[in-house]
Amino acid sequence: MGNESAVEVEAAKAAGELRALGDAGAEDTSEVPEPAEISKVEDRTGAIEQPVASGVSDVAETKLPLEVSVPLRYAMEHEMAVTLEDFFVRRTGALLFDIDWVRKWKGPAAKYMASYLGWSTDEQARYARELESRLYEAVVPEDGVDAVDAVDADR
């Protein structure tokens, strides 16, 4: 027992408790995972979280809070986000549901993405313009027609 990790010890305890419940007449516990299987799941989860956690020092330099830096880093590393639009529109939906958050964090996020992904100056400008265009489209009605005016015109 001396070579087991804390996760393996806790997994063994949990599996034992589930089996005890089964012996006491609780639900069928034939599908209770073995401690080694639980450790494998934890290892897989750690494999996902570890790269995000490993970037904490370079994220700290950008002054991004964790609420921005963690999803941003995850989106770049695991969801192939390569532009500001990818992150703020397609990965977080923030442009549709929290536009003030996008406005607040677009600059720092752009700096971080540019550094992390190695954007050229032209790419930085293009991606910033694309996001600004999406912001404009989200706020200004198409053809300058206000929705209330359109409804009034139908009457």
Side-chain angles (χ1 to χ4, degrees), residues 3-15 17-18 31-155:
N3 292 339
E4 294 176 332
S5 73
V7 171
E8 291 171 328
V9 170
E10 290 301 315
K13 283 182 191 177
E17 290 171 7
L18 286 172
E31 295 295 319
V32 174
E34 293 298 318
E37 293 175 58
I38 295 172
S39 292
K40 288 177 189 173
V41 170
E42 198 280 332
D43 288 343
R44 281 194 301 260
T45 303
I48 291 172
E49 293 171 359
Q50 198 281 329
V52 173
S54 70
V56 170
S57 63
D58 54 334
V59 169
E61 295 172 12
T62 65
K63 308 287 190 243
L64 288 173
L66 289 177
E67 73 176 86
V68 180
S69 63
V70 170
L72 178 58
R73 182 79 176 246
Y74 185 86
M76 290 186 297
E77 291 184 358
H78 300 283
E79 298 177 335
M80 298 181 67
V82 294
T83 69
L84 293 166
E85 187 177 0
D86 281 342
F87 178 66
F88 286 114
V89 178
R90 291 182 274 283
R91 301 309 185 276
T92 65
L95 185 93
L96 301 173
F97 302 107
D98 196 356
I99 201 164
D100 291 332
W101 189 80
V102 175
R103 288 182 178 129
K104 180 176 181 178
W105 296 112
K106 66 183 178 181
K111 287 179 186 175
Y112 183 72
M113 289 182 82
S115 172
Y116 187 85
L117 298 170
W119 291 347
S120 68
T121 305
D122 290 340
E123 287 173 317
Q124 290 178 38
R126 184 175 74 238
Y127 299 148
R129 279 192 311 271
E130 287 173 359
L131 182 62
E132 287 301 324
S133 178
R134 298 295 90 64
L135 282 164
Y136 179 82
E137 291 169 359
V139 175
V140 177
E142 191 172 313
D143 296 327
V145 176
D146 188 23
V148 174
D149 292 339
V151 170
D152 288 341
D154 290 340
R155 291 185 192 182

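Values in this document were obtained by computation on a predicted structure and should not be read as measured data. When reading the values below, keep in mind they use all heavy atoms of this one structure, side chains included, and skip hydrogens, waters and symmetry mates.
Listed by chain and residue number, D86 satisfy the side-chain hydrogen bond (donor to acceptor under 3.5 Å, both in side chains) test with R90 (two or more places apart in sequence, or in another chain). Evaluation of the salt bridge (charged side-chain N to carboxylate O under 4.0 Å, His left out) rule for E137 yields R134 as partners, not counting sequence neighbours. Under the rule for a side-chain hydrogen bond (donor to acceptor under 3.5 Å, both in side chains), E79 has no partner lying at least two apart in sequence or in another chain.
When all heavy atoms of W119 and A110 are compared, the pair lying nearest together is CZ3-O, 3.8 Å. Summarising the geometry of L64 relative to A109, their closest heavy-atom pair is CD2-N, 4.1 Å, with the distance given to 0.1 Å. Between A75 and F87, the closest heavy-atom pair is CB-CD1, 3.9 Å.
K111 NZ to Q124 CD: the interatomic distance, rounded to the nearest 0.5 Å, is 10.0 Å. To the nearest 0.5 Å, atoms CG (L84) and CG (L95) are separated by 11.5 Å. Once rounded to the nearest 0.5 Å, the distance linking CD of E123 with CD of E130 reads 10.5 Å. With rounding to the nearest 0.5 Å, the separation of OH in Y127 from CG in L117 is 8.5 Å. In this structure, CZ in R103 is found 10.5 Å from CG in D98, a value given to the nearest 0.5 Å. Taken from NZ in K106 to CE in M113, the straight-line distance is 15.0 Å, to the nearest 0.5 Å.
Ring geometry, W101 versus F88: the interplanar angle exceeds 60°, so the pair is classed perpendicular (tilted spans 30 to 60°).
Side-chain contact annotation: R73 with Y112, donor-acceptor N/O pair under 3.5 Å present.
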